[in-house]
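Everything below concerns the one structure shown next.
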Amino acid sequence: MTQNFLADLKTTLENCIAELDELHFMFCQNPEADFTGNRKLSFHDYIQFMVQMQSKSVSNEILDFFEHSLAAPAKSSFTQQHFKLQPEGWSFLFHIFVEQCRELSDQPYHGYRLLACDGSDVNIARDPEDERTFIHESEKGYNAIHVNALYDIMNHTYCDFLVQGKKKLHERAALNTITDRYPDSVPAILMADRGYESFNVFAHLIQKNMKFIIRMKDINSNGILSAYDLPDSQFDTHIKTTLTRRHTKETLGDPNTYTILQQTTDLDFLDENCTYYDIEFRIVRILLDNGTYICIATNLSEEDFPLEEIKKLYRMRWSEETSFRELKYTIGLVNWHSSKYDGILQELNARMILYNFCEFVTAQAVVRTRDNTKHIYKINFATAVNICRAYLKHSSDEIETMLLIQKHLTPVRSNRKYPIRLRPKRNRDFMYRAA
C-alpha cells in the first residue's frame, strides 16, 4: 500500500498541475499570449521547478533541475515565465492539491478535523518603499511578511494560509478571513493562542458552526475575562452575554446581561440593523504544574470534552510551531529567489505544496527499530525532503524510495526543554547562497 500511495500522491500533484494548465489563462497577466508558445521552460516544468526549488541561486537551481544539460534554459527564461502566472493561480493549485490529497489520506480525531491557527514572520529582501512590509528599526530597518497559517494537526499539513505585511499585520482579522472561506464539511475544532482572543473571532467561528479552543488572558489581566466576576481558582463555567455598542440605562445598569463594546472593538455582526448580538461559550481555567493558571475559551460540551481532554487538545496545538521550523529551514522558506512581493507569494505557495507532499509521504513510512532501543524514533524529515525532491524529479522506484526514507531515522527526545532565545534573523541575500 505504501509504495502505491507514493505513486498516487505524485499522480495527484501531476493532475492538479494539469488542471491548472487548462485554466492558466484565468490567472495570467496576459491571458491571450502567456504560456502559449513553445518554450524551453514549459508551464508544467515551470511549476515543477518552483516546487522542487532548494536554497541555491536561480542559475544553479536551473542547472540541477535540467541535470546540467546544455539545453537548460537561461536564467532570463525563468524570469520571464515567473511573473506570467499571478499568485492567485498558485493559490488555486495549493487548495486543489490539499482537497485531492484528503481523498488519499485523512486522519480525523474522533470525527473532528483538528486545526491550529498561528502566524510566523519571515524576512524578505529590503525595500524601504514597501509600506506593507518595511519596519523602521535600528539604523537600516528591514522588510518582513507575516504568514497566518491554518494547520491540520492530525495530518501534519497546511490547509490554508493568508499573507500580510508585518507592518500592517492583523492576526485576528486574518483568522476571520480564513474561517469564513473554510470549505471542508468535516466538523472541525480550531485551536489558537492568546493573540486570537476576541469576541469577533468567537462569533465568526460560531457562525461557521466550528468548534474552538482558544487560550485567553487570565482573569487578573486586562483581557475579556477581567470584566467578569470569576473565582481565583481552577474552574469550568459558561459565560453568556449580549454584545452591544449602545450606552443606555438598560445596558449600563445590567452588566451581568450586557457587554458594551467600544467603537474601536471589532464585531462584524453589529451594524445599524443589528445592535445586539447574543454569544455563549465555555471558560476553563486550568492549574499548571508550576502553580500558574491558563484560561481557555471553547464551545465544546463538558460531557464530550471534559477538562483533561481540553488540556490534551490544547497541547497538540504546539505541533504547528514545530512545523513552522521545518517549513522555514528544512523546506527553505527563508531563502527567497525573488525580491518582488508577487514572486514571494508564488514561492510561498510552492513551498507549502512541497511541505504537504513530504509530510504525506513520511506519514506513510514505517519506522522499524529493535526492541531494546533507548529512544523512540521517527523519520528524519530533512532527509525525507531531499529524497522526495529527487523522486519528483526522477520518478525512481516507489518501493526503493520508501525504503530509503525509512532507513533515515532520528530519535524523539520529548523531555528536552530549552529556553527560547529570540534572535534577529536577517534575510539571506542573493549573493550568499550555496553553490
- Message: When you measure from the side chain of Gln364 to the backbone of Leu6, do you find a donor-acceptor pair of N or O atoms at a distance under 3.5 Å?
- Response: no
- What do the steps show when you test Asp160 against Arg181 for salt bridge (Lys or Arg N to Asp or Glu O under 4.0 Å), and what is the final call? CA-CA 9 Å; Asp160 199 0; Arg181 70 189 188 192; 2.9 Å; yes
- Query: Between Phe92 and Leu23, is a side-chain contact (heavy atoms from CB on, under 4.5 Å) present by the stated rule, with each step listed?
  - Reply: CA-CA 10 Å; Phe92 173 80; Leu23 303 172; 3.9 Å; yes
- Message: Would the distance check show the side chain of Glu61 and the main-chain N or O of Lys56 forming a donor-acceptor pair, the cut-off being under 3.5 Å?
- Response: yes
- Give every residue pair that meets the ring pair (Phe, Tyr, Trp, His ring centres under 6.0 Å) criterion with at least one member in residues 49-69, sequence neighbours excluded. Phe49-Phe65, Phe49-Phe78
- Task: Nearest 0.5 Å please: distance from the CD1 atom of Ile331 over to the CD atom of Gln54.
- Result: 10.5 Å
- Note on the structure: CG (Asp180) and CG (Leu205) are apart, to the nearest 0.5 Å, by 9.0 Å
- Taking C-beta and beyond as the side chain, do Asp304 and Lys211 meet within less than 4.5 Å on heavy atoms? no
- Query: His204 and ring pair (Phe, Tyr, Trp, His ring centres under 6.0 Å): which partner among Phe199, Phe269, Tyr277?
  - Reply: Phe269
- Message: Using 0.5 Å steps for rounding, measure from the NZ atom of Lys166 to the OG1 atom of Thr133.
- Response: 11.0 Å
- Take the angle between the ring planes of Tyr158 and Tyr151 and call it parallel below 30°, perpendicular above 60°, tilted in between. perpendicular
- Query: Mind checking whether Phe25 and Glu32 have side chains closer than 4.5 Å, heavy atoms only?
  - Reply: no
- Thr251-Thr244 side chain donor-acceptor pair, cut-off 3.5 Å: no
- For Lys168 and Glu131, work out which heavy atoms get closest and say how close. CE-O, 4.0 Å
- So do the side chains of Leu63 and Asn60 get within less than 4.5 Å of each other, counting heavy atoms only? yes
- Task: State whether Lys393 and Asp64 are salt-bridged, where the test is any N-O pair (Lys NZ or Arg NE/NH1/NH2 against Asp/Glu carboxylate O) under 4.0 Å.
- Result: no
- Query: Got a second to check how far Met316's CE is from Leu313's CG, nearest 0.5 Å?
  - Reply: 6.0 Å
- Query: Is any side-chain heavy atom of Gln81 closer than 4.5 Å to a side-chain heavy atom of Pro73?
  - Reply: no
- Message: Measuring only between side-chain heavy atoms, which start at C-beta, is Leu20 closer than 4.5 Å to Phe27?
- Response: yes
- Query: What is the minimum heavy-atom distance between Ile214 and Glu197, and which atoms define it?
  - Reply: CG2-N, 4.3 Å
- Query: Are Phe161 and Asn349 close enough, and set up right, to give a side-chain contact (heavy atoms from CB on, under 4.5 Å), and what steps lead you there?
  - Reply: CA-CA 9 Å; Phe161 66 93; Asn349 278 279; 3.2 Å; yes
- Closest approach of Lys217 and Arg194, non-hydrogen atoms and distance? N-CG, 4.2 Å
- Salt-bridge contact Arg39-Asp45 (side-chain N to carboxylate O under 4.0 Å): no
- Query: Are any non-hydrogen side-chain atoms of Leu13 and Leu9 less than 4.5 angstrom apart?
  - Reply: no
- Okay, side chain of Arg351, backbone of Lys328: is any donor-acceptor separation there less than 3.5 Å? no
- Report the C-alpha separation of Tyr355 and Phe324 in whole Å, then their side-chain angles, then the decisive distance to 0.1 Å, and conclude whether the ring pair (Phe, Tyr, Trp, His ring centres under 6.0 Å) test is met. CA-CA 10 Å; Tyr355 178 90; Phe324 278 134; 9.3 Å; no
- Checking Asp21 side chain against Ile17 main chain: does a donor-acceptor pair fall under 3.5 Å? no
- What pair of heavy atoms forms the shortest contact from Gln107 to Asn155, and how long is it? N-OD1, 3.0 Å
- Examine Lys10 relative to Tyr391 and say whether NZ or CZ is less than 6.0 Å from the centre of the six-membered ring and inside a 45° cone about the ring axis. yes
- Are Gln164 and Asn148 linked by a side-chain donor-acceptor pair shorter than 3.5 Å? yes
- Note on the structure: To the nearest 0.5 Å, atom OG1 of Thr12 lies from atom CZ of Phe357 at 9.0 Å
- Message: For the residue pair Glu14 / Gln48, report whether a side-chain donor-acceptor contact shorter than 3.5 Å exists.
- Response: yes
- Message: I want to check something: taking the side chain as every heavy atom from C-beta on, are Ile145 and Asp121 in contact at a cut-off of under 4.5 Å?
- Response: no
- Would a distance-only check, ignoring hydrogens and angles, find a side-chain to backbone donor-acceptor pair under 3.5 Å from Arg113 to Asp184? no
- Task: If the plane angle is over 60° it's perpendicular, under 30° parallel, otherwise tilted; pick one for His82 and Tyr46.
- Result: perpendicular
- Message: Atom CD of residue position Glu400 - does it have more than 12 heavy atoms of other residues, nucleotides or ligands inside 6.0 Å?
- Response: no
- Query: Distance-only, no hydrogens or angles: does the Arg245 side chain make a donor-acceptor pair with backbone N or O of Thr275 under 3.5 Å?
  - Reply: no
- Message: Restricting to side chain to side chain contact (heavy atoms under 4.5 Å, CB included), what partner residues turn up for Lys340, sequence neighbours left out?
- Response: Phe83, Ser338
- Query: Does NZ belonging to Lys407 count more than 12 external heavy atoms closer than 6.0 Å?
  - Reply: no
- In terms of heavy-atom contacts, does CD1 of Ile376 have more than 12 from other residues, nucleotides or ligands at under 6.0 Å? no
- Message: Quick check: closest heavy atoms across Glu321 and Arg317, and the distance to 0.1 Å?
- Response: OE2-NH1, 3.4 Å
- May I ask you to decide if the ring planes of His24 and Phe35 are parallel, tilted or perpendicular, using 30° and 60° as cut-offs? perpendicular
- Residue pair Ala297 / Met216: nearest heavy atoms and the distance that separates them: CB-SD, 3.3 Å
- Query: Between Thr410 and Asn380, does any side-chain donor sit less than 3.5 Å from a side-chain acceptor?
  - Reply: no
- Query: How long is the span from the NZ atom in Lys208 to the CG atom in Asn176, to the nearest 0.5 Å?
  - Reply: 12.0 Å
- Message: Would you say that Tyr314 contacts Asp193 through its side chain, given a criterion of any heavy-atom pair below 4.5 Å between the two side chains?
- Response: yes
